[in-house]
Amino acid sequence: MQPDFESPTSQEIILRTHSVSVSYNGSLALQDININIYKNQITGFIGPSGCGKSTLLRCFNRINDLVKGAKVTGKITFYEKDIKSFNPVEIRRRIGMVFQKANPFPKSIYENIALGLRINGYRGNIDALVEDSLRQAALWEEVKDHLNKNALTLSGGQQQRLCIARALALQPEVLLMDEPCSALDPISTLRIEDLLHKLKQKYTIVIVTHNLQQASRVSDLVAFFNIKTQEKHRIGELVEYASAPSIFLNPQHKTTLEYVGTYNRIDGLMN
């Protein structure tokens, strides 16, 4: 299925999928996905559990290559170049990822960021880049006097922002986020959302979320995925892709309307 979509004016496409399908151990999980990801936009992936949102996200930096039994067909381009032509390490540096559960290393706050820089052969001023990354993740003022403290002593929200800082330190062009706020309290969630609005000035962001209010608050564009049944198999498909206001206030497909309809009656949803 190729949803109708009017692209943002004068926006560069940074990632593009061409009829991408994903299967695990021969069982189709996601079928025939065609979607463009635009530079310096926040693209939200929404839809019910099992519809393939996270599966597609992992295709963008080839993490599915590491999953036994996974097979990706079709083509994904990064700046119009097939991602399979890139070294996987390079792709995962240029397209960083933040996972659902904060996963800091059991090391100091400083080493959580510096270690990755050393492994990737960074030869510049590590101290300066650690500070810059923590500032970008809105964490510097909270930890600047405790950089030698074990990262596992931080709160859940701080740990997630540290993981964002760790990804930003490698200076990616795209930041993939797989339900980054699902385990956080409302205050920490809002801090992450505020951070995303600032980061999109420099980065392209793709976020998977089950929180439709969050998707409406942070996303410029929203892709709605759903599940279809084919020969008794449940397969993810892309139903509709449009601006956030269009998806939440004027969806064009019945299944989209059914999924987001409840949220259209919440006061201030788009504020």
Side-chain angles (χ1 to χ4, degrees), residues 1-20 30 32-47 51-63 72 74-86 90-98 136 164 167-168 170-180 192-209 212 214-225 236-253 256 260 270:
M1 177 182 294
Q2 176 61 64
D4 297 331
F5 177 63
E6 183 175 348
S7 65
T9 304
S10 302
Q11 284 292 333
E12 181 180 2
I13 295 171
I14 191 167
L15 284 163
R16 188 198 300 267
T17 71
H18 307 258
S19 299
V20 168
L30 195 62
D32 198 26
I33 304 301
N34 295 284
I35 190 169
N36 298 332
I37 303 300
Y38 294 86
K39 191 171 185 178
N40 298 119
Q41 300 282 290
I42 299 178
T43 302
F45 287 178
I46 65 171
C51 68
K53 305 182 297 295
S54 295
T55 292
L56 181 60
L57 198 72
R58 291 192 295 267
C59 290
F60 288 142
N61 66 348
R62 295 183 57 183
I63 288 183
V72 180
K75 184 178 180 181
I76 300 174
T77 57
F78 181 48
Y79 290 115
E80 305 302 339
K81 185 178 179 181
D82 192 332
I83 63 166
K84 292 181 180 178
S85 67
F86 291 90
E90 179 188 359
I91 275 291
R92 290 170 198 144
R93 181 192 65 76
R94 296 177 67 180
I95 305 177
M97 191 158 189
V98 176
Q136 286 190 75
I164 293 172
L168 297 180
L170 297 178
Q171 301 176 29
E173 292 151 73
V174 180
L175 191 60
L176 309 176
M177 310 188 83
D178 193 358
E179 297 189 65
I192 297 290
E193 291 178 6
D194 288 342
L195 174 60
L196 295 184
H197 285 294
K198 297 173 183 175
L199 291 177
K200 81 168 186 175
Q201 304 304 316
K202 186 175 180 181
Y203 306 97
T204 300
I205 299 170
V206 186
I207 180 171
V208 169
T209 179
L212 298 190
Q214 178 177 80
S216 72
R217 288 192 297 261
V218 306
S219 303
D220 299 297
L221 306 166
V222 174
F224 168 61
F225 295 80
E237 64 174 351
L238 177 58
V239 174
E240 188 168 353
Y241 184 36
S243 68
S246 294
I247 290 291
F248 288 102
L249 300 178
N250 189 32
Q252 299 302 299
H253 293 261
T256 312
V260 305
M270 296 304 299

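Between L175 and A167, the shortest heavy-atom distance links the atoms CD1-CB, 3.8 Å. Across D178 and S54, no two heavy atoms sit closer than the pair OD1-OG, 2.8 Å. Closest approach of N40 and K202 over heavy atoms only: ND2-C, 3.5 Å. The two atoms that bring K39 and I14 nearest to each other are N-CG2, 4.2 Å, heavy atoms only. Nearest heavy-atom pair, A244 versus S219, reported as atom, atom and distance to 0.1 Å: CB-O, 3.4 Å. Minimum heavy-atom separation, C51 to F225: SG-CB, 3.5 Å.
No side-chain heavy atom of E179 sits less than 4.5 Å from a side-chain heavy atom of K53. Put simply, the side chain of V218 reaches to within 4.5 Å of the side chain of H197, judged on heavy atoms. Considering only heavy atoms from C-beta on, F78 comes within 4.5 Å of I95 through its side chain. For the pair H253/F224, no side-chain contact is recorded, criterion being any heavy-atom separation below 4.5 Å from C-beta on. Side-chain atoms of L199 and I164, non-hydrogen and from C-beta on, do get closer than 4.5 Å to each other.
Annotation: the span from I35 atom CD1 to R16 atom CZ amounts to 12.0 Å, rounded to 0.5 Å. Separation of atoms CD1 (I13) and CD (E80) is listed at 6.0 Å; rounding is to 0.5 Å. Taking CZ from R94 and CD1 from I83, the interatomic distance works out to 12.0 Å, rounded to the nearest 0.5 Å. To the nearest 0.5 Å, the span separating CG on L15 from OG1 on T17 amounts to 9.0 Å. Distance check: I63 CD1 to I91 CD1 gives 11.5 Å after rounding to the nearest 0.5 Å. In this structure, CG in L176 is found 8.5 Å from CZ in F45, a value given to the nearest 0.5 Å.
Under the 3.5 Å distance criterion, with hydrogens and angles disregarded, a donor-acceptor pair is assigned to the side chains of S19 and D32. Side-chain contact check for Q252 and E240: no donor-acceptor pair (N or O, by modelled atom type) lies under 3.5 Å.
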**Report entry** Candidate pair V72 and V20, rule side chain to side chain contact (heavy atoms under 4.5 Å, CB included), full reasoning
**Finding:** CA-CA 7 Å; V72 180; V20 168; 4.1 Å; yes
Report task. Begin from the C-alpha positions of D82 and K75 and carry the test side chain to side chain contact (heavy atoms under 4.5 Å, CB included) through to its verdict. Result -> CA-CA 7 Å; D82 192 332; K75 184 178 180 181; 3.9 Å; yes
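Side chain of S243 to backbone of L221: no donor-acceptor contact under 3.5 angstrom is found. Using a distance-only test at 3.5 Å, with no hydrogens or angles considered, a donor-acceptor pair links the side chain of Y241 to the main chain of N36. With hydrogens and angles ignored, the 3.5 Å screen pairs no side-chain donor or acceptor of R62 with any backbone N or O of R92.
With Y203 as reference, Q136 is the one residue of K198, Q136, E173, Q171 to meet the side-chain hydrogen bond (donor to acceptor under 3.5 Å, both in side chains) rule.
Partners of D220 under the side-chain contact (heavy atoms from CB on, under 4.5 Å) rule, at least two apart in sequence or in another chain, are Q41, I42, K200.
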